[in-house]
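I have placed the structure first, in the form of structure tokens, so that the comments after it can refer back to it.
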Amino acid sequence: MTAEKSRVALVTGGMGGLGEAICLKLAALGHIVVTTHSPGNAKTKEWLTGMRQQGHEFHAYPCDVTDYDSCVACVAAVVKEVGPVDVLVNNAGITRDMTFKKMDRINWDLVVKTNLDSCFNMTKQVADGMIDRGWGRIINISSVNGQKGAFGQTNYSAAKAGMHGFTKALALEVARKGVTVNTISPGYIGTKMVMAIPQEVLDSKIIPQIPMGRLGKPEEVAGLVAYLASEEAAFLTGANIAINGGQHMF
Ligand code: CAA
């Protein structure tokens, strides 16, 4: 990749797992990186200090991505204190896995609000500015399970599939404005979210389905995010890029 102009990149849920790897990669390319954390997350200060000790000066803002007003306040503060957002990575996400028989309204709503409504709530705050400036990158982190469905994930699969519908429609609307919108669909990556799957399920049902025979690495997904955020990726929009070790091809 060629040297990048420094941009302001906002990564939701960047304090751990995939989000942290994305923050590190974008920072390594010279971008100014802002992340969001759940309001009241006691680990924020410690995380920022740890990152500073490793030479990374990240910005972190409280934001409940399920709550529209919280997103309004968060992005307004980022714009005022750091600058207009050029790259938005909608990464924050949760699972609440259970079979449909056990799925209740609370766990349906929680997952759909966190994984899907969040894309509207955050993108709404940055899209007009990107259009006005004639440059922007919106990257939605979905999942292989939004593409193929997953046992125990009616809520998550629905939300993750919905993200790509959002990507495609918005990509059409902003294609002539210098703004690209893309989805990345990672497979099973070695993060806390995946390690929370019972080991027996991981060993017997998941790893055997991955032709590469291993979990992905957060850095492998972060490299793809960095490409989509780059100047070079200007002609790539409305895509859903799978990165899953060969688990699902279509
Ligand atoms: N495929 C087929 N059958 C499955 C299955 C699967 N993947 N997982 C479980 N089953 C079967 C079990 O074998 C069992 O069958 P029997 O009753 O015939 O023995 C039955 O379903 C019930 O299984 P459990 O005892 O495990 O049921 P449970 O209610 O305790 O838990 C579950 C169900 C929550 C779905 C649990 O199996 C589980 O956590 N599965 C993993 C779900 C998963 O893969 N989540 C992905 C998280 S990571 C992620 O989402 C990141 C990403 O984007 C990729």
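We count ligands from 1, going down the list as the structure has it; atoms in each ligand are counted the same way. What's counted below: heavy atoms across the whole structure, side chains too, no hydrogens, waters or symmetry copies. Here the structure is a predicted model, which means the values were calculated and not measured.
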Proximal atoms of ligand 1 relative to T95 (non-hydrogen, under 4.0 Å): 50 (O)
Co-membership, hydrophobic cluster, residues M193 and V144, 4.5 Å side-chain: no
Atom indices of ligand 1 within 4.0 angstrom of I206 heavy atoms, with elements: 44 (O)
Heavy atom of protein inside 4.0 Å of atom 29 (O) of ligand 1, strictly below: yes
Close aromatic pair by centroid cut-off 6.0 Å: F250 and H248: yes
Heavy atom of protein inside 4.0 Å of atom 45 (N) of ligand 1, strictly below: yes
Distance in Å, N91 CG paired with I22 CD1, rounded so as to fall on 0.5 Å steps: 4.5 Å
Flag: protein heavy atom within less than 4.0 Å of atom 53 (O) of ligand 1: yes
Q209-Y188 side chain donor-acceptor pair, cut-off 3.5 Å: no
Q153, portion touching ligand 1 at heavy-atom distance under 4.0 Å: side chain
Contact atoms of ligand 1, heavy-atom distance to D97 under 4.0 Å: 34 (C), 42 (C), 43 (C), 45 (N), 46 (C), 47 (C)
Heavy-atom closest pair, residues A92 and G13: CB-N, 4.0 Å
Atom 15 (O) of ligand 1 protein-contacted (non-hydrogen atom, under 4.0 angstrom): no
Nearest-0.5 Å distance, NZ of residue K168 to CG of residue N240: 8.0 Å
Best match, F100, Y188, F151: closest heavy atom to atom 11 (C) of ligand 1: F151
Ligand 1 atoms in contact with M193 (distance to a heavy atom under 4.0 Å): 49 (C), 51 (C)
Nearest protein heavy atom under 4.0 Å from atom 3 (N) of ligand 1, yes or no: yes
Which residue and heavy atom of the protein sit nearest atom 40 (N) of ligand 1, plus the separation: V201 CG1, 3.8 Å
Numbering as shown, the atoms of ligand 1 that approach G187 to under 4.0 Å (heavy-atom distance): 54 (C)
Partner residues of N107 under the side-chain hydrogen bond (donor to acceptor under 3.5 Å, both in side chains) criterion, sequence neighbours left out: D104
Heavy atom of protein inside 4.0 Å of atom 50 (O) of ligand 1, strictly below: yes
Atom 35 (C) of ligand 1 within contact range, any protein heavy atom under 4.0 Å: yes
Joint hydrophobic cluster, M122 plus L170, side-chain heavy atoms closer than 4.5 Å: yes
Any P198 heavy atom less than 4.0 Å from ligand 1: yes
Chi angles and distances behind the salt bridge (charged side-chain N to carboxylate O under 4.0 Å, His left out) call for R7, E231: CA-CA 11 Å; R7 304 280 186 183; E231 310 295 323; 3.0 Å; yes
Nearest-neighbour protein heavy atom for atom 12 (C) of ligand 1, which is reported as residue plus atom name and distance: K205 NZ, 4.2 Å
Nonpolar side-chain network containing Y68, other nodes, edges under 4.5 Å: V72, F120
L228 backbone acceptor or donor facing N182 side chain under 3.5 Å: no
Where ligand 1 meets G152 - atom numbers and elements under 4.0 angstrom, heavy-atom basis: 35 (C)
T154 versus W108, closest heavy-atom pair with distance: O-CZ3, 3.6 Å
Distance filter under 4.0 Å to N145 heavy atoms, resulting ligand 1 atoms: 50 (O), 54 (C)
Exercise check, heavy-atom protein proximity under 4.0 Å to atom 23 (O) of ligand 1: no
K113 NZ: over 12 foreign heavy atoms closer than 6.0 Å: no
Contacting atoms of ligand 1, where contact means under 4.0 angstrom from a heavy atom of S143: 52 (C), 53 (O), 54 (C)
K102 near ligand 1 by a heavy-atom separation under 4.0 Å: yes
Under 3.5 Å: N/O of T99 near N/O of ligand 1: no
Residue pair I141, V89: steps toward the side-chain contact (heavy atoms from CB on, under 4.5 Å) verdict: CA-CA 7 Å; I141 307 296; V89 184; 3.9 Å; yes
